[in-house]
Every structure is written in structure tokens, then in C-alpha cells.
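We use all heavy atoms of the structure for the numbers below, so side chains are in, but hydrogens, waters and symmetry mates are not.
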Amino acid sequence: MVPGGMGGGGPMGAAAAGGGGGGDGRHDDEAVLTEFLSSLMDYTPTIPDELVEHYLGRSGFYCPDLRLTRLVAVATQKFISDIASDSLQHCKARVAAPIKDNKSKQPKDRRLVLTMDDLSKALQEHGVNLKHPEYFADSPSAGMAPAAREE
């Protein structure tokens, strides 16, 4: 049996070795998966193994196999990268949208400022609903006395 539980032993390995209709393709898939998992041992992900193990442990998942921990780290890194990229696209679209009130109010400085709204939209596209509290600068009535808000 190949280390990590993949390989010729067990019912799946016997079916693949039997030479049936799709057995050769299954063997190739297992070889590619085994090669990928072994390559994870040489890769150092951006997210430290200790941090991934901590959060996996908090969710009740314990696995001594470092390859699986690194696989979760790589998937997490990809997810965060996708969120950041999508947030940037929302920010660029927001900045590129023309201001309807007055053309002279268009900023000359083209720096991009990522806002919570950009991040919220990107997260919502990936199935994460983010609710952030209303801050004093979010609305003109925030921070005023309740009686003054009603007027």
C-alpha cells in the first residue's frame, strides 16, 4: 500500500488492478493524487501549520498527517486570495463609476481604497454573509441623540 492510504490495497486498488473498463484511468488518478500529496511535504504554505492545526482542532478535527494540514492551508490560502481579488475588482468598479452630481468632484488621485462594502460584496459572492456594525461615520444621524434623529 502506498503511504497515506492511497494505493493498490483494499477494494478500490483491486478494482483498479483488475483491468476493467475504466481501471487504467483510476490508477492514473491515484498516481496523480499521491504525487500531489507528496509534493505538499516540500511546500511551505503562507498560513503556518500550527495555525491550521489550531483551528482544525477547535472544530474537532485531529489528524496527525501533515499533508492534510497543508492541503487545508493551501485551500484556505486560495480562498483568501480569491476574496482579495474579487474585493479589488469591486473597488475598481466603484472608483470607475462616474459621479452623477458634479464632474468636478472626480478625484484626481487614482489610489484605490478598499472598503467594507467591497469586501462584503466579495464575501457574499462566495456564500459568506458579513454584517458590520454602523459606525459614527457611516450615516449623518449616527451618534446623535435619539430625539434629534427623529426630526
| Distance (rounded to the nearest 0.5 Å) between Arg67 CZ and Ser38 OG | 7.5 Å

Only distances under 3.5 Å count here; give the side-chain donor-acceptor pairs of residues 89-97 to other protein atoms, sequence neighbours excluded, each with its distance to 0.1 Å.
from  : atom 1 : to     : atom 2 : distance (Å)
His90 : NE2    : Glu125 : OE2    : 2.9
Arg94 : NE     : Asp118 : OD1    : 3.2
Arg94 : NE     : Asp118 : OD2    : 3.4
Arg94 : NH2    : Val113 : O      : 2.7
Arg94 : NH2    : Asp118 : OD2    : 2.8

Contacts under 3.5 angstrom, residues 51-59 side chains, donor-acceptor by atom type, not counting sequence neighbours:
from  : atom 1 : to    : atom 2 : distance (Å)
Ser59 : OG     : Tyr55 : O      : 3.4
Ser59 : OG     : Leu56 : O      : 2.8

| task | List for me each residue that meets side-chain contact (heavy atoms from CB on, under 4.5 Å) alongside Asp29, sequence neighbours excluded, and say none if there are none. | result | none

| Met116 CE to Leu123 CG distance, which is reported to the nearest 0.5 Å | 8.0 Å

| message | Let me confirm one number: the CG-CG distance from Leu119 to Asp86, rounded to the nearest 0.5 Å. | response | 10.5 Å

Please output the side-chain donor-acceptor pairs of residues 75-83 that fall under 3.5 Å, not counting sequence neighbours, one pair per line with the distance.
from  : atom 1 : to    : atom 2 : distance (Å)
Thr76 : OG1    : Val72 : O      : 2.8
Gln77 : OE1    : Thr46 : N      : 3.3
Gln77 : OE1    : Thr46 : OG1    : 3.4
Gln77 : NE2    : Thr46 : OG1    : 3.2
Lys78 : NZ     : Asp82 : OD1    : 2.9
Lys78 : NZ     : Asp82 : OD2    : 2.8

| request: Supply the atom-to-atom distance Asp117 CG to Ser87 OG, rounded to the nearest 0.5 angstrom. | output: 11.0 Å

| Which pairs count as salt bridge (Lys or Arg N to Asp or Glu O under 4.0 Å) when at least one residue sits in residues 35-47, sequence neighbours excluded? | none

| query | How would you list, by chain and number, every residue that makes a side-chain contact (heavy atoms from CB on, under 4.5 Å) with Leu40, sequence neighbours excluded? | reply | Phe36, Leu37, Arg70, Leu71, Val74

| remark: Cluster membership besides Leu66, Ile/Leu/Val/Met/Phe/Trp/Tyr side chains within less than 4.5 angstrom, sorted by chain and number, is Met41

